[in-house]
Amino acid sequence: MKIYFYILLFILLALVSCQALPPTTLNGTWKSVGSGWLLHIQDSTKYAFYDLTSISCLPNRKGSLDELTSSLTLENDTLSLRKGVITYKFTSAPSLPTICTETVSEARDPIYNFEVFAETVSKHYAFMQLNEIDWSKLYAQQKAKLSPNSTEAELYLVIEETLEILKDNHAYLEADEGVYEILEKMEERTPEEEETTLPEYGDFQVAAMVAKHHLQEELTRDSWLIQWGKMKDDIGYIQVKAMWLYADLDIPKSLIEEVGYVDAYVETFHQMYEGDYIKQEVEGVRSIMDTVMQDLAQMQTIVIDVRFNGGGQDAVSYEILSRFIPTQTQIATQKLYYENQFTPTSPLYIEGRKDAYTRPVYVLTSPQTGSAAESFSIATLSIPHIQRIGSATSGAMSTALEKTLPNGWSFAISNEIYMDNQGKCYENQGIPVDHELSYPRERQSFFRSVVDDLAGDQAAILASIQP
């Protein structure tokens, strides 16, 4: 009987360990492993994130602990936070540093802001070696261009130039609106220059023209981001324009009228906890893909076109691709760079579906296929019935590490090494294809090559997928 008692005790302990974490066990300060964040949980009811360097501790986001609890797990002394497809690790810290709650007197000082930016780059930028960057030299060179009297526009230009020299495919810098107004005046072109500028196509614009031409029978309904139908009688076609904008955010109509839909969307989701926002993105695309796959279930072949897809959320990519994977599959690996070292390599998985489509699938990519659309592409390397056609993707694989500056600006750098299951990184070079269609790598040249010969584009695609 004793052995049965221990078995029952073991089962009971296992069940207890699977329950939600008692909020009191989370109280305190937690320091991220590899991302330069502090997470402070107080009174079992509220949290605050901070961006930490040796000279700054800047508030990032705060809210009710309820926003995080479903994404948190605690094992021994390590707290894990699941956000999208990545799990971030935190270890317990003694307390919240005093600097995190003090008013920063030099918040507008251009030198101080540059130093905070520079330390973040120094400790977290993952591709110094790949891009052959001598950071010590570059840091001194760029800092010398600033003084305590430098304007915000001058600071912006120095940081922006630094990011360009770093050749970071995912970097960005966002300043106050007033700074952009000044910069716009500085960049005003003459009427002669305006006249000689060729009209430029947008990715959504080109995508719509391609879908209209290539779809022999369109089946799209209640969707503008994904279009689908029949390319030929037994060949299905799915065009995915972006890996975001699927969430139902209840955006105020007045805000859309004021700034436009995309900017209103961005402004709205920035008010949310990122983990909740990503879940809503997945829910939105899941609903559309249910309809897509019902409509195309009888197709003998499916073409998925992500040539004009600049990215978004990896979790959206994974949800779409799950429709073509019958079982849980490891599709990539990743690690984070920090302070001259890496976090342990972590596998990334896509949960399969019993009703997955397992006939031949061809994924169309181009040099404009970027970010989360590349996560989609690299995952196909692990799926035997999927081939890639077109041209290699853009090579912007890393997840961006988003940070704040003392003056309120935000910026991001690449701190992640995203790899296939064999540990190969495709940053800069892009995910290769099985059948090359030799697209131009320059954005507008590629768009024009497609738009100017839609019939030829369709013919090349069909020729690539014939047995």
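Remember, predicted model here, so these are calculated numbers, not experimental data.
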Do [X] and [Y] come close enough that some side-chain heavy atom pair is under 4.5 Å?
{"X": "Asp77", "Y": "Thr91", "answer": "no"}
{"X": "Lys403", "Y": "Ser410", "answer": "no"}
{"X": "Phe447", "Y": "Asp203", "answer": "yes"}
{"X": "Lys62", "Y": "Gln42", "answer": "no"}
{"X": "Ile159", "Y": "Gln142", "answer": "no"}
{"X": "Ser414", "Y": "Asn169", "answer": "no"}
{"X": "Tyr318", "Y": "Leu348", "answer": "yes"}
{"X": "Val292", "Y": "Ile320", "answer": "no"}

Donor-acceptor pairs are to be reported for all side-chain atoms of residues 92-119 against protein atoms at under 3.5 Å, with residues two or more places apart or in another chain.
| unit_1 | atom_1 | unit_2 | atom_2 | d |
| --- | --- | --- | --- | --- |
| Thr101 | OG1 | Thr98 | O | 3.1 |
| Arg108 | NH1 | Asn407 | O | 2.8 |
| Arg108 | NH2 | Glu152 | OE2 | 2.1 |
| Asp109 | OD1 | Ile111 | N | 2.8 |
| Asp109 | OD1 | Tyr112 | N | 3.0 |
| Tyr112 | OH | Ile55 | O | 2.7 |
| Asn113 | OD1 | Asn407 | N | 3.0 |
| Asn113 | ND2 | Ala107 | O | 2.8 |
| Asn113 | ND2 | Asp109 | O | 2.8 |
| Glu115 | OE1 | Tyr139 | OH | 2.9 |
| Glu115 | OE2 | Tyr139 | OH | 2.8 |
| Glu115 | OE2 | Lys143 | NZ | 2.6 |
| Glu119 | OE1 | Ser54 | OG | 2.6 |
| Glu119 | OE2 | Ser54 | N | 2.8 |
| Glu119 | OE2 | Ser54 | OG | 3.2 |
| Glu119 | OE2 | Lys123 | NZ | 3.2 |

Open item on the list: Less than 4.0 angstrom from a charged side-chain N to a carboxylate O is my criterion; do Arg61 and Glu402 meet it?
Closed with: no

Short side-chain to backbone donor-acceptor contact, [X] and [Y], under 3.5 Å:
{"X": "Gln458", "Y": "His214", "answer": "yes"}
{"X": "Asp314", "Y": "Gly84", "answer": "no"}
{"X": "His385", "Y": "Phe324", "answer": "yes"}
{"X": "Glu281", "Y": "Ala247", "answer": "yes"}
{"X": "Tyr180", "Y": "Ala175", "answer": "yes"}
{"X": "Asn309", "Y": "Val240", "answer": "yes"}
{"X": "Glu374", "Y": "Gly395", "answer": "yes"}
{"X": "Asp420", "Y": "Ala332", "answer": "no"}
{"X": "Ser64", "Y": "Asp66", "answer": "yes"}
{"X": "Ser366", "Y": "Gln368", "answer": "yes"}

TODO: Begin from the C-alpha positions of Ser287 and Tyr246 and carry the test side chain to side chain contact (heavy atoms under 4.5 Å, CB included) through to its verdict.
DONE: CA-CA 10 Å; Ser287 176; Tyr246 296 94; over 6 Å; no

Is the count of non-hydrogen atoms from other residues, nucleotides or ligands lying under 6.0 Å from [X] atom [atom1] greater than 12?
{"X": "Glu164", "atom1": "CD", "value": "yes"}
{"X": "Lys145", "atom1": "NZ", "value": "yes"}
{"X": "Asp248", "atom1": "CG", "value": "no"}
{"X": "Gln129", "atom1": "CD", "value": "no"}
{"X": "Lys83", "atom1": "NZ", "value": "yes"}

Open item on the list: Using the rule given for side chain to side chain contact (heavy atoms under 4.5 Å, CB included), can you reason through Asn131 versus Glu427, listing the C-alpha separation, both sets of side-chain angles and the distance that settles it, and then say yes or no?
Closed with: CA-CA 10 Å; Asn131 292 330; Glu427 194 74 16; over 6 Å; no

List the atom of [X], the atom of [Y], and the distance in Å for their closest heavy-atom pair.
{"X": "Thr404", "Y": "Pro59", "value": "OG1-O, 4.1 Å"}
{"X": "Leu163", "Y": "Ala171", "value": "CD2-CB, 3.9 Å"}
{"X": "Trp30", "Y": "Thr25", "value": "CZ2-O, 4.1 Å"}
{"X": "Pro384", "Y": "Ser382", "value": "CD-O, 3.6 Å"}
{"X": "Leu336", "Y": "Gly34", "value": "CB-O, 4.5 Å"}

Open item on the list: Could you tell me if Ser80 and Lys89 have a donor-acceptor pair between their side chains, going purely by distance under 3.5 Å?
Closed with: yes

Task: Pair Tyr237-Gln239, side-chain donor/acceptor within less than 3.5 Å - done: yes

Taking the six-membered ring for Trp, are [X] and [Y] parallel (under 30°), tilted (30 to 60°) or perpendicular (over 60°)?
{"X": "Tyr47", "Y": "Phe49", "result": "perpendicular"}
{"X": "Phe308", "Y": "Phe446", "result": "parallel"}
{"X": "Tyr156", "Y": "Trp409", "result": "perpendicular"}
{"X": "Phe269", "Y": "Tyr277", "result": "parallel"}

Open item on the list: Centroid separation under 6.0 Å, is that true for the rings of Phe90 and Tyr88?
Closed with: no

Task: Result of checking Lys335, His170, Gln334 against Glu416 for side chain to side chain donor-acceptor pair (under 3.5 Å) - done: Gln334

Task: side chain to side chain donor-acceptor pair (under 3.5 Å) partner of Arg388, the single match among Thr369, Thr365, Thr380 - done: Thr380

Distance check, rounded to the nearest 0.5 Å: [X] atom [atom1] versus [Y] atom [atom2]?
{"X": "Asp457", "Y": "Leu364", "atom1": "CG", "atom2": "CG", "result": "7.5 Å"}
{"X": "Thr53", "Y": "Leu58", "atom1": "OG1", "atom2": "CG", "result": "7.0 Å"}
{"X": "Thr327", "Y": "Ile350", "atom1": "OG1", "atom2": "CD1", "result": "11.0 Å"}

TODO: In sequence, state the C-alpha distance, the side-chain angles, and the governing distance for Arg353 and Ser322, and then conclude on side chain to side chain contact (heavy atoms under 4.5 Å, CB included).
DONE: CA-CA 6 Å; Arg353 298 172 62 98; Ser322 71; 3.8 Å; yes

Open item on the list: Using side chain to side chain donor-acceptor pair (under 3.5 Å), reason through Lys279 and Ser70 one step at a time and then give a plain yes or no.
Closed with: CA-CA 12 Å; Lys279 288 178 183 177; Ser70 64; 3.1 Å; yes

Task: Worked check of side chain to side chain contact (heavy atoms under 4.5 Å, CB included) between Val285 and Gln313 - done: CA-CA 11 Å; Val285 78; Gln313 295 294 336; over 6 Å; no

TODO: Check the pair Tyr125 / Trp135 against ring pair (Phe, Tyr, Trp, His ring centres under 6.0 Å), numbers first and verdict last.
DONE: CA-CA 10 Å; Tyr125 182 47; Trp135 173 247; 8.5 Å; no

Task: Pairs meeting criterion disulfide (SG to SG under 2.5 Å) with involvement of residues 144-178, two or more places apart - done: none

